[in-house]
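A short write-up of the structure that comes next.
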Amino acid sequence: MNAVITMTVTTLDTDETIHDVPVLVDYHMNDGYDWMDVIGEHGWAVIPSWGCDGWDLGQWPYVMVAGIRTADEIGNLFGMATYCEGDVRTMFYRTKAAFWNAISEQAYFHWKNGQAQGPADLPEAAAELPGRYWIPCNLSAAV
């Protein structure tokens with residue numbers, strides 16, 4: 001069982017069909033730490049924290065969010081994958097802004113549902129989050 005396969009995807013923000021992209025798939029061997037090592041060999045990285053103050057993004061090793069920046073002949077592609085006890089969902093975006101928005105929505109979900117330590121002043125909806133929560137805590141390490 002492999003955690004990464006190459007396949008055709010459709011970007012969620014621009015609805016483009018992209019061929020031969022490294023996609024993360026379900027991984028029910030060992031644990032999330034093992035998954036993290038396996039995907040790292042394919043250019044993916046688990047994103048540990050999010051927002052201006054670097055709040056937790058998930059609950060390792062059970063819940064994680066991973067990202068990758070790759071490219072095709074048109075330009076950059078940004079992938080985001082969510083891992084929850086071996087169940088994996090992968091999405092791709094053409095723009096970094098759409099990618100960051102998707103990660104921010106995941107962060108909000110985990111914070112709001114108590115799956116990760118987040119800011120104390122969470123609003124009722126992700127769309128109401130202050131802008132400082134919609135950015136990586138370390139811009140140089142943000143895929």
Side-chain angles (χ1 to χ4, degrees), residues 1-29 31-119 122-143:
M1 175 184 268
N2 196 349
V4 184
I5 63 172
T6 301
M7 62 184 292
T8 299
V9 299
T10 302
T11 57
L12 293 181
D13 56 341
T14 58
D15 202 36
E16 297 170 70
T17 300
I18 312 294
H19 301 284
D20 301 323
V21 178
V23 175
L24 301 185
V25 295
D26 288 353
Y27 186 78
H28 295 284
M29 295 177 62
D31 65 16
Y33 293 122
D34 184 56
W35 178 78
M36 193 180 333
D37 290 340
V38 170
I39 68 168
E41 295 171 8
H42 299 273
W44 287 82
V46 173
I47 304 166
S49 51
W50 196 254
C52 62
D53 290 338
W55 294 283
D56 293 344
L57 183 54
Q59 187 179 56
W60 294 12
Y62 310 107
V63 177
M64 294 181 266
V65 176
I68 189 171
R69 183 179 71 184
T70 187
D72 64 2
E73 61 279 353
I74 296 173
N76 285 327
L77 289 167
F78 300 90
M80 181 188 79
T82 58
Y83 171 99
C84 182
E85 296 185 358
D87 295 334
V88 178
R89 182 169 172 241
T90 303
M91 294 79 46
F92 276 86
Y93 305 89
R94 178 59 74 184
T95 67
K96 185 183 282 188
F99 173 66
W100 284 7
N101 284 344
I103 295 171
S104 298
E105 289 172 2
Q106 278 298 308
Y108 175 82
F109 176 82
H110 295 307
W111 297 336
K112 192 70 172 174
N113 291 297
Q115 295 174 338
Q117 182 67 37
L122 285 177
E124 287 302 310
E128 300 168 3
L129 279 171
R132 65 186 181 277
Y133 299 160
W134 287 84
I135 58 171
C137 61
N138 181 349
L139 290 176
S140 64
V143 183

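Computed over heavy atoms, backbone and side chain alike; hydrogens, waters and symmetry mates excluded.
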- [ ] Could you walk me through whether H42 and I5 pass side-chain contact (heavy atoms from CB on, under 4.5 Å), step by step?
- [x] CA-CA 10 Å; H42 299 273; I5 63 172; over 6 Å; no
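- Note that NZ of K96 and CZ of F99 are 8.5 Å apart. Values are rounded to the nearest 0.5 Å.
- Two residues are said to be in side-chain contact when any heavy atoms from C-beta on lie closer than 4.5 Å; Y83 and I39 fail this criterion.
- Contact annotation: the side chain of L129 approaches that of P123 to within less than 4.5 Å [non-hydrogen atoms, C-beta and beyond].
- Minimum heavy-atom separation, A3 to Y27: CB-CD1, 3.5 Å.
- Not one N or O on the side chain of W44 forms a donor-acceptor pair closer than 3.5 Å with the backbone of M36.
- When the shell of 6.0 Å around CG of N113 is examined, it contains more than 12 heavy atoms from other residues, nucleotides or ligands.
- Although no hydrogens or angles enter the test, the distance criterion places no donor-acceptor pair under 3.5 Å between the side chain of T70 and the main chain of L77.
- Centroid-to-centroid, the aromatic rings of F78 and W100 stay 6.0 Å apart or farther.
- Between A66 and L24, the shortest heavy-atom contact is CB-CD1, 4.3 Å.
- The number of heavy-atom neighbours closer than 6.0 Å to CD of E124, taken from other residues, nucleotides and ligands shown, is 12 or below.
- Atom-to-atom distance recorded for I103:CD1 and T82:OG1 is 11.5 Å, nearest 0.5 angstrom.
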- [ ] Start with the C-alpha distance between S104 and W50, add both sets of side-chain angles, then the distance that settles side-chain contact (heavy atoms from CB on, under 4.5 Å), and finish with yes or no.
- [x] CA-CA 7 Å; S104 298; W50 196 254; 2.9 Å; yes
TODO: May I have the step-by-step check of side-chain contact (heavy atoms from CB on, under 4.5 Å) for N76 and R69, ending in yes or no?
DONE: CA-CA 7 Å; N76 285 327; R69 183 179 71 184; 4.1 Å; yes
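- Residues M64 and W35 share a closest heavy-atom pair of CE-CE3, 3.9 Å.
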- [ ] Given side-chain contact (heavy atoms from CB on, under 4.5 Å), test L122 with E128 step by step and report yes or no.
- [x] CA-CA 9 Å; L122 285 177; E128 300 168 3; over 6 Å; no
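- The main-chain N or O of T95 is found under 3.5 Å from a side-chain atom of D13 such that the two form a donor-acceptor pair.
- For the pair M29/V38, no side-chain contact is recorded, criterion being any heavy-atom separation below 4.5 Å from C-beta on.
- In this structure, Q106 CD and L57 CG are separated by 8.0 Å, a value rounded to the nearest 0.5 Å.
- Atom-to-atom distance recorded for M91:CE and T11:OG1 is 13.0 Å, nearest 0.5 angstrom.
- Formation of a donor-acceptor pair under 3.5 Å by the D53 side chain with backbone atoms of W55 is not found in this model.
- Between C137 and S49, the shortest heavy-atom contact is SG-OG, 3.1 Å.
- Side chains of F92 and I68 form a contact here, defined as non-hydrogen atoms less than 4.5 Å apart.
- Across all their heavy atoms, Y93 and A102 have their closest contact at OH-CB, 3.2 Å.
- I18 places none of its side-chain heavy atoms less than 4.5 Å from the side chain of I74.
- In this structure, P61 and Y33 approach most closely via the heavy-atom pair CB-CE1, 3.5 Å.
- Remark: R89 CZ is loosely packed, at most 12 non-hydrogen atoms of other residues, nucleotides or ligands lying under 6.0 Å away.
- The main-chain N or O of G75 is found under 3.5 Å from a side-chain atom of R94 such that the two form a donor-acceptor pair.
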